[in-house]
2 protein chains.
Amino acid sequence: MARDVARRAGVSTATVSRVLNGFAGVRADKREAVMRAAQDLGFVANGAARALSTRRFMAVGAVVPNIENEAFVRVLSSVQDRLRQAGYTLVAANAGYDLEDELREATFLLERGVDGLMLVGDIHHPDLYARIARSGIPMVQTFSLSRVHSCVGFDNAASAARAANYLMDLGHRRIGVISGLRKDNDRGGARVIGIAQALAARGLRLAPEHDIEISYGIGGGRDGFRQMLAGGLPPTAIICGTDQIAFGAMIEARARGLSVPGDLSVIGHNDSDFAPFLDPPLTTIRIHSAEIGHAAGDHLIARIQGRPVVRLTEIDAELILRASTAPPRRAAD
Amino acid sequence: MARDVARRAGVSTATVSRVLNGFAGVRADKREAVMRAAQDLGFVANGAARALSTRRFMAVGAVVPNIENEAFVRVLSSVQDRLRQAGYTLVAANAGYDLEDELREATFLLERGVDGLMLVGDIHHPDLYARIARSGIPMVQTFSLSRVHSCVGFDNAASAARAANYLMDLGHRRIGVISGLRKDNDRGGARVIGIAQALAARGLRLAPEHDIEISYGIGGGRDGFRQMLAGGLPPTAIICGTDQIAFGAMIEARARGLSVPGDLSVIGHNDSDFAPFLDPPLTTIRIHSAEIGHAAGDHLIARIQGRPVVRLTEIDAELILRASTAPPRRAAD
DNA sequence: ACGGCTTCTGAAAGCGCTTTCAGATAGCCA
DNA sequence: TGGCTATCTGAAAGCGCTTTCAGAAGCCGT
């Protein structure tokens, strides 16, 4: 097709390429002619040919555990922001909290020839690391910190511990956790560990019956809290893996005649759109997904373009205080 | 790289290609040798070269107005489902309810060489249609019906009218609408028109002060309802463009001391996750996003593979009755 | 007007696959 | 075993760009 443009403009394909890629050093009249011819013909370069020739695909891949999760959508959209500015496309895939699936999806993207890869978390299939290394493209992990790999995220254990400490400062002593699936999910796991350690540091413990793992979603939150109540003395406060889970737990609490925060303090994760509008408004750990995405995008672009980068970028989560947390009814409880 | 595999297996690249693409007619021993060599070398085919050679990119593009909207995320994820099964990748982009931006994004995808394109709605930049035609790839529109283009969707006007009729059957006579942005958005526009016509058919009218257009989100819903109350006699029922908007409106109603559904019936759109969990549970028009996505994916794949398809697939929306709607306090009101 | 520069330009060689086409090999029957 | 067909296989020609390299054209000063 570039041939057609060349013919029409009376130049060679080399010149067409030079003009269309904004190279200097083409005489104005020829440049004009090429522009016009391309316009007239509605010329659209063949991406595959260009990619083959330049060995640049101009796309980066991203594999997230769940594309329907607000935090991940936001990170994708902010990564895309940055990529687009640099002329790159984002190709996203869903791994569904499963290392094997993640490997499959990522391989798929690698085969496509992406120039960079964004992953979530610090646990991945060993083969995946091998393939990425072999392909030679830059990779960045997000939402958690890593000892060895490039990453943009925060210390999940520390931020969850902060929430636990806040609850303990309020006087809570029986604190529960409802997390999403922890298998193949270092973020969820780290949060629970962080909470358990914070409790331990003050001589408390996370009772097994107050440590619940459920699948995500509002329904999961309801089930989770129901399950928690089934196990002996109820907690006076809970920390949930997402705001959806917190929402579900609050609904279940109310259905059982427990008032929030009177009988139960609730903390969520993510600061979703609806969190401030729940009744009561939800205290939550705000994860700066957009900032994480921007940083991750910048990181990848920089490495693709051979610019220096810092390996680890920390974008700390933040405890947003709202009305779903309060001191327990009886402080000694 | 295929050369390396060929050398290692003691065959030609032609044979390597045949084996790796599952062609019959390669002797078992050579096939084995190729497989092993590919495995050993961790061979990953170069997608660009393959695309250039086959003139198939094995990817389809999708441009949605807002990637953070639940309905669109769901449709993307279900389209991807189908594509993946057929060996295709989904490349998604965000258009932000703007025809120019949509054109830009879609062109970007077209340049990438996608083999098919999914759009939302029936209003697009005229140049976009021209470019799609020139590129010769199949395109399918979603979420609304079209007179001329391939589409998978439903009659937005009719489904909204159904909601209006339901409210009128309950006895409501002052019905309001809070929609998202209607510019460049045939779905939103059609819904309002459908409601206005349904009202007109029963001798009522959609008062201008009860016809509110806001930006999406819970905050938008609150603002929208506040605005509506500012304009004279309040409605006894409202139909909202999304469940988020409905949520926002309900919050504002409660803040004003109005009870739902006692003083105000509320209907949303989408049947989001949280809709059944609101207080009261939200009556809403369920849009079968997943089914739309599956059908759209199947449609594109079929056309890419040269199989016959029906141009128009209707996947009707459904009115889900919950507790946020009831007869008005005084039926004559 | 001409030599010596600099600036432009086009021919051609890839990029790494797929696929055709013709030749090599294997299989079969007489 | 020889001849003929049916299977396999590899050489080579693209796919549509980019980019190198050498030659053409333009510019300048004398």
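Residue numbering restarts at 1 for every chain, and letters A, B, ... go by the order of the sequence lines.
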Earlier contact from the 5' end, DNA chain C, for A:Lys30 and A:Thr13
A:Lys30
Can you confirm whether B:Tyr97 sits close enough to B:Lys183 that some side-chain heavy atom of one is under 4.5 Å from a side-chain heavy atom of the other?
no
Between B:Val26 and A:Val44, the residue closer to the 5' end of DNA chain D by nearest nucleotide is B:Val26
A:Asp40/A:Arg8 salt bridge by N-O under 4.0 Å criterion:
yes
Rounded to whole Å, CZ of A:Arg18 lies from P of C:dT9 at a distance of 8 Å
Looking at B:Gln39, I want to see if its CD is surrounded by more than 12 non-hydrogen atoms of other residues, nucleotides or ligands under 6.0 Å.
no
Atom CZ of B:Arg3: over 12 foreign heavy atoms under 6.0 Å
no
Assign each of B:Leu20 and B:Arg27 the nucleotide of DNA chain C bearing its closest heavy atom; nearer the 5' end lies the nucleotide of B:Leu20
What residues from residues 1-8 of chain A pass a heavy-atom cutoff of under 4.0 Å to DNA chain D?
A:Met1, A:Ala2
Please examine the side chains of B:Ile304 and B:Arg56, heavy atoms only from C-beta on, and report whether any two atoms are closer than 4.5 Å.
yes
What range of DNA chain D does chain B touch, first nucleotide to last, counting atoms under 4.0 Å from its heavy atoms?
D:dC8 to D:dG16
With a 4.5 Å cut-off on side-chain heavy atoms, are A:Leu83 and A:Thr89 touching?
no
Taking the cut-offs as 6.0 angstrom to the six-membered ring centre and 45 degrees off its axis, would you call B:Arg104 and B:Phe108 a cation-pi pair?
no
Please state whether the rings of A:Tyr129 and A:His149 are parallel, tilted or perpendicular, taking 30° and 60° as the class boundaries.
parallel
